[in-house]
There are 2 protein chains.
Amino acid sequence: MATKPSGAGSKRARAAPQPAQEAPGEPPLSRDRIVATALELLDADGLDGLTMRRLADRLGAGVMSLYWHVDNKEDVLDLALDSVLDYRGPPQLDKPEDWRAEVVHMLEDWRASMLRHPWSTSLLPRRALGRNILSRLELLSKTLSGAGVADADLNAAIWSLWNYVMGATITRASFDVSNEDRAAAQQRLEQLSGPYPTIGRSRLLLDDDWDGAFRKGLGFLLDGLAPG
Amino acid sequence: MATKPSGAGSKRARAAPQPAQEAPGEPPLSRDRIVATALELLDADGLDGLTMRRLADRLGAGVMSLYWHVDNKEDVLDLALDSVLDYRGPPQLDKPEDWRAEVVHMLEDWRASMLRHPWSTSLLPRRALGRNILSRLELLSKTLSGAGVADADLNAAIWSLWNYVMGATITRASFDVSNEDRAAAQQRLEQLSGPYPTIGRSRLLLDDDWDGAFRKGLGFLLDGLAPG
DNA sequence: GCATGACTCGTACATCGTATGAGTCAACTT
DNA sequence: AAGTTGACTCATACGATGTACGAGTCATGC
């Protein structure tokens, strides 16, 4: 019985299994190559752009060959998502006491990494916690704990930041797609300003300093988490 | 040429168009009936449970009949989502000065409304702003403004709360689905507690007082927004 | 009595994820 | 040297989905 390398398996153990066709135009199929190509398709055409058939085509392989290396499409998406989220830490040599800058850096990088691949935002809600996500949470936990957040508040603090970042990122990505809708909504708002006078006046839906708003709101939250 | 009632159209104008079959078992098709039935299917079986064919079956109609009343499936989903989000305001007779309680009540209701229909959380990211969402934002804006939040901070404050609520709700719904995954992840964390000692120890992934964490984090954020 | 327009729906099509099982070929066993 | 195994590829096929197309029904207005 054949044993697939999928899941937590061993991938490919042997060194050079495919010396038959060494033409560099088509290197052998592999998990990594599949994920990399999936990323290309996702970046080019979004979630709908990723089709097992298209993926196989671009890899120069038959569709069903993919399923030897990968459980199913969901598996591909999981791998693609996690591959977007690795984090190499803040630029070294910051004064190591500045916990706040460290947190802000990591969270801004988190958001930026996902916005560089907008499809990832609609993927996140329903996926499991990959290694890279857990690493970020660990870093967050360690930093906040070192900054003096009480143990009893620690989990709530972490989840608050998580929630904020996820909400901001998902929102940003979704509004980016439907920019004209947003303008239309704001116009509707102002015309029949009866029902929505306040947000109509404050131009809530037209404010497009997303990065600034994210930083500002993050500041509010951190103020609340570690007052003084 | 037939004119469909879809979009911002007139729906059905006439009073009793279908006296032919008055059997109460099958009232005439209508936008409202379609949305109501879609809600049933979504609540019962989630996003995958909603199929145009299943929807039509349950309505006792042919599949293509739906398309007279509705543009496409996305239209159905938009309507279903918005129908979940209406808000009737806080229980009257609270002391009207307590802006904080008012905000908390609205946001907790927002979250609760969506969690009562978990499919709505995976729908939200990519949909336009319906009337009910705008109403909530308007209320939020008015209340915060009245509470003394500076005009320059107002939009950032609103978006911060939005982000927090969306992130919390989406996260909660997604973890609810994959509870076993969560437990498995925590176990993995504790066993090979090398890479993730802090969040392993704090049992971050096992803490299931979601409501408490939501309230607590919201408190942090409000503290930051309106200090003192 | 006939045209109109509101509404219904059967059929058909393209596309999707993937189950099944046969095929290829290198490495290992004997 | 012959045979076995197991890693890997892939053609075919199936069931499901959203919806375009166009023919049907039927109450109403002229």
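Labels below follow one simple rule: chain letters A, B, ... track the order of the sequence lines, proteins then strands, and each chain is numbered from 1. Only this structure's heavy atoms are used, side chains among them; waters, hydrogens and symmetry mates stay out.
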Original post:
Could you state the CH2-P distance from W68(B) to dG22(D), rounded to the nearest angstrom?
Top reply: 16 Å
Subject >> All salt bridge (Lys or Arg N to Asp or Glu O under 4.0 Å) counterparts of D43(A), not counting sequence neighbours >> reply: none
**OP:** Can you tell me the distance, in whole Å, between the CZ atom of R33(B) and the C1' atom of dC7(C)?
**Re:** 14 Å
**OP:** For each nucleotide in nucleotides 13-21 of chain D, reading 5' to 3', give B when a protein heavy atom comes within less than 4.0 Å of its base, S when such contact involves only the sugar-phosphate, and - otherwise.
**Re:** ----BBBBB
**OP:** Sequence neighbours left out, what passes side chain to side chain contact (heavy atoms under 4.5 Å, CB included) with R116(A)? Give chain and number order.
**Re:** A112(A), S113(A)
Original post:
Between R31(A) (CZ) and dT9(D) (P), how many Å, whole number?
Top reply: 14 Å
**OP:** List in chain and number order the residues that pass side chain to side chain contact (heavy atoms under 4.5 Å, CB included) with S135(B), two or more places apart in sequence or in another chain; answer none if no residue qualifies.
**Re:** Y196(A)
Original post:
Does R136(A) come within less than 4.0 Å of D109(A), counting only side-chain N to carboxylate O?
Top reply: yes
Original post:
Is A61(A) touching bases, backbone alone, or none of the nucleic acid, heavy atoms closer than 4.0 Å?
Top reply: sugar-phosphate
Subject >> side-chain N/O H69(A) vs dT9(D) OP1/OP2, d < 4.0 Å >> reply: yes
**OP:** Take atom CG of L59(A) and atom C1' of dC8(D), then tell me their distance rounded to the nearest Å.
**Re:** 15 Å
Subject >> Sequence-distant partners of R53(B), salt bridge (Lys or Arg N to Asp or Glu O under 4.0 Å), two or more places apart >> reply: none
Original post:
To the nearest Å, how far apart are L66(A) CG and dA11(D) P?
Top reply: 12 Å
Subject >> Partner set under salt bridge (Lys or Arg N to Asp or Glu O under 4.0 Å) for D45(A), not counting sequence neighbours >> reply: R54(A)
**OP:** Please check the phosphate of dC8(D) (OP1 and OP2 only) for any side-chain N or O of S65(A) closer than 4.0 Å.
**Re:** no
